Visitor: 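Please see the structure below; I have some questions.
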Amino acid sequence: MISFSLAKKNIVRKQERSLLTIIGVILAVGCFVALLSISEGLNKRLKSEVMSRNVDLYVLPSGSQHLPTGSIGAFGSAGEEINLGQLLPEEPLNTEAKQEEIAAASRVKGDFISFLNSSGFDSTMVPNIKSAIGVSRFQKTIRGRTVVFWGLPFGTSEFDGASAFSSYLPGMRITNGVFPLETKEPEDLYGFKTKRTAEDLSDAEKVFIAGNKIVEELSMSMERPLILKKDNLSLNLECVVSFNAGFQDYFCYLPIQTAMAIEDSHGKVNEIWIQVEDKSKINETKVLLMRYFPNLEFKTGSEYLGISGDLLKYAWFLQFAIALIGILIATTASMNTMLMSTFERVREFGALRAIGANRSTIALMILIESLILSSIGGAAGIIVGILGSTFLDGAVQAIFQTPFPMANITFNLILYALCLSVLIGVIGAVIPIVLVYRMEIIKALKWDM
Amino acid sequence: MKVSMQGIYKYWKSEFGQVRVLENVYMDLANGDFVAIMGPSGTGKSTFLHLLGCIDRPSFGKIFFENTDICALSENVREELRLEHIGFVFQNYYLIPTLSVLENVMLPMQLANSYVGQQEDRAIKMLELVGMETKFNENTFKLSGGQRQRVATARALINNPGLLLADEPTGNLDTRSTREIMDMLRIVNKEQSITTVLVTHDPKVAAYADRVYYLDEGRISPANL
Ligand SMILES: Nc1ncnc2c1ncn2[C@@H]1O[C@H](COP(=O)(O)OP(=O)(O)OP(=O)(O)O)[C@@H](O)[C@H]1O
Ligand SMILES: [Mg+2]
């Protein structure tokens with residue numbers, strides 16, 4: 001194809017100019033990839049974190065904000081807590097049948113922990129509920145880094161801690177140490193080995209489990225206890241786990257009693273996680289629960305993710321807006337170089353036309369030239385963006401003091417970046433092509449620059 | 001190709017209003033005619049050739065190729081005419097600087113999408129014909145004026161045009177090369193009956209033509225040599 005070989009020859013001949021255009025595109029695409037890798041990564045990790053949980057319904061304090069909370073890493077309602085003592089509806093329902101239900105439900109009142117630990121709601125109260133656990137969440141700065149702690153019910157004798165833990169957070173593997181507490185069936189399905197029996201409860205409250213990544217990041221060790229400033233509480237790392245999903249490998253997990261003690265929030269949790277028997281009836285279950293607990297919110301997994309997903313979209317657009325500045329500069333630069341190279345070659349275009357080249361051949365030549373430059377720039381820009389993303393990630397980690405990397409170069413991001421570089425190429429070719437279509441050959445031949 | 005120019009006027013716009021370059025030009029060329037145009041500098045010889053070559057349009061008048069008025073044709077058709085039926089040797093050569101000698105000569109064939117296997121052979125043959133057989137892969141900007149002129153001539157002939165327009169094709173050549181090129185043009189003209197119009201200042205070159213015209217102050221008249 002003659003347009004292609006002419007374009008190629010011109011790129012090679014005007015090396016400095018070609019290089020400048022390429023650099024412009026590299027900067028724009030690199031900037032785009034690096035910036036958006038952060039929100040892409042955050043999005044992907046949160047999604048995989050939420051999706052990898054085996055939770056059918058989330059119970060949240062009403063009116064709470066659903067955010068990736070403070071540390072950016074944890075996911076869910078921010079700030080507010082559910083007071084377990086106030087779970088019952090204020091106004092009793094009137095019918096006799098309902099009265100019975102409330103009577104059954106009143107078992108919830110009081111010590112919710114024991115309620116939870118005795119494997120959840122009574123199925124006569126709200127049918128279809130298999131089990132429920134309360135979780136609390138807080139964060140601490142440890143060795144200059146913000147670490148998210150999850151309080152989960154694995155610290156009591158009545159509760160089959162290990163299996164419940166792993167039933168809500170499936171895919172957990174123990175990579176080091178042994179699970180702190182005994183399970184009903186030692187070395188059960190999950191292959192947990194347990195360390196202590198139920199008699200060692202007080203000890204059990206001073207243990208924690210950590211994801212393998214946070215262990216690495218903060219060089220925690222089994223030998224060295226983790227001292228939390230307040231109360232000089234020292235926690236022993238009993239077991240290192242790995243999930244390979246979202247941020248879960250960057251969290252620390254505690255018995256919920258310990259979490260409540262540390263946070264001084266006895267009887268309060270941040271969320272309640274529910275598993276149902278029949279997933280197809282999840283909406284009916286949700287409606288029923290909403291009637292019992294009008295002061296709480298109930299969200300399915302996708303609703304829970306959806307709210308935060310919206311927020312992430314805003315973050316995406318914000319970062320895109322910043323990247324846009326770079327993109328505009330690069331597009332202008334590329335337009336400018338293409339235009340300059342067109343002006344320089346007006347005579348040549350005139351000569352091509354005079355010997356019979358048609359306008360579309362020349363337009364195609366300009367477009368190909370611009371596209372070759374912008375795709376080379378785009379490809380190199382993606383590499384620069386990946387490097388920049390690592391750098392930016394380090395900076396973000398340092399500023400927010402999070403221990404987890406957030407950047408992630410997704411397939412979509414690379415696809416967008418490629419589209420972007422093609423777009424820059426096309427835009428750069430537009431004005432020269434219009435000029436070629438409008439020029440008179442005789443004027444072009446006499447053109448001086 | 002049979003060519004007929006009828007009542008051609010050409011004006012240029014300038015700061016002082018319109019400047020008339022060609023005035024009421026008539027000329028008829030039969031298939032295979034070989035004519036020369038002479039005249040002082042700046043009298044419109046190149047302008048005249050550009051009009052014939054479909055590179056520019058007259059302000060008034062008609063130009064017929066066979067029986068078609070080329071001035072009334074769309075730009076797309078004129079592009080095709082230029083590529084396939086007209087060979088043009090420009091006064092300033094207008095070679096493509098990014099291409100080598102051989103590539104420049106092959107270019108019109110490539111633009112016309114002619115059979116790829118033939119392109120190089122034919123380009124080499126044309127270059128041999130103009131005496132440029134040793135510089136195929138040279139960059140054109142390294143060539144002398146005379147060499148460029150010869151490459152431009154080879155390029156003009158490559159698509160077997162019906163009409164060859166040459167604007168001082170020997171302007172930069174020595175006497176011997178001039179004779180070689182003119183002999184060659186004459187032979188090609190005879191063998192393929194290419195209608196040929198050439199502009200020259202050199203009476204010896206003009207002597208090769210069947211007829212000579214004189215262009216002065218925009219008016220054309222047969223010259224009495
Ligand atoms: N594009 C243009 N715009 C305005 N004036 C032009 C243009 N092209 C040519 N002219 C003018 O038209 C006149 C004829 O120019 P042309 O190039 O045809 O002369 P020429 O006979 O070929 O001269 P030479 O022998 O020096 O090549 C000149 O006065 C020139 O200044
Ligand atoms: Mg001239």
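If you're wondering where the values come from, they're calculated on a predicted model, not measured in any experiment. A, B, ... follow the sequence lines: proteins, then strands. Residue 1 opens every chain.
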Visitor: Would you say that more than 12 heavy atoms from the other residues, nucleotides or ligands in this model lie under 6.0 Å from the CD of B/Glu75, or not?
Guide: yes

Visitor: Stepwise, does the salt bridge (charged side-chain N to carboxylate O under 4.0 Å, His left out) test hold for A/Lys9 with B/Glu103?
Guide: CA-CA 11 Å; A/Lys9 293 219 159 84; B/Glu103 287 166 337; 2.7 Å; yes

Visitor: How about A/Phe391: does its CZ atom have over 12 heavy atoms from other parts shown lying under 6.0 Å from it?
Guide: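 12 or below, so no.
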
Visitor: Answer with side chain, backbone, both or neither: which region of B/Arg78 has an atom nearer than 4.5 Å to a non-hydrogen atom of chain A?
Guide: neither

Visitor: Mind ranking A/Asn10, A/Ile355, A/Val12, A/Ile2 by heavy-atom pairs under 4.5 Å with chain B and telling me who comes out on top?
Guide: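 Heavy-atom pair counts peak at A/Ile355.
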
Visitor: To the closest 0.5 Å, what do you measure between CD (B/Gln110) and OG (A/Ser3)?
Guide: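 If I round to the nearest 0.5 Å, the distance is 10.5 Å.
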
Visitor: Quick one: are B/Ile96 and A/Phe349 in side-chain contact, heavy atoms under 4.5 Å?
Guide: no

Visitor: Counting heavy-atom pairs under 4.5 Å to chain B, which of A/Lys14, A/Glu440, A/Arg13 comes out on top?
Guide: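 Sorted descending by pairs with chain B, the first entry is A/Arg13.
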
Visitor: Quick one: what part of A/Arg353 sits under 4.5 Å from any heavy atom of chain B, side chain, backbone, both or neither?
Guide: both

Visitor: Taking all atoms of both residues into account, what is the closest heavy-atom pair of A/Ala354 and B/Arg82, and its distance?
Guide: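 In this case the closest contact between A/Ala354 and B/Arg82 is O-CD, 3.3 Å.
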
Visitor: Does the pair A/Leu6 and B/Leu99 meet the rule for a side chain to side chain contact (heavy atoms under 4.5 Å, CB included), with working shown?
Guide: CA-CA 8 Å; A/Leu6 284 171; B/Leu99 302 181; 3.8 Å; yes

Visitor: Are any side-chain N or O atoms of A/Glu348 and backbone N or O atoms of B/Pro97, one a donor and one an acceptor, separated by less than 3.5 Å?
Guide: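 Not at all, since once roles are kept as given, no pair shorter than 3.5 Å links the two residues.
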
Visitor: Does any heavy atom of chain A fall under 4.5 Å from the side chain of B/Leu107, the backbone, both, or neither of them?
Guide: side chain

Visitor: Heavy-atom pairs under 4.5 Å with chain A are the metric here; pick the option from B/Thr98, B/Thr47, B/Asn76, B/Leu111 that has the most.
Guide: B/Thr98

Visitor: Would you mind reporting whether B/Phe90 and A/Leu445 have side-chain heavy atoms less than 4.5 Å apart?
Guide: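 Yes, their side chains come closer than 4.5 Å.
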
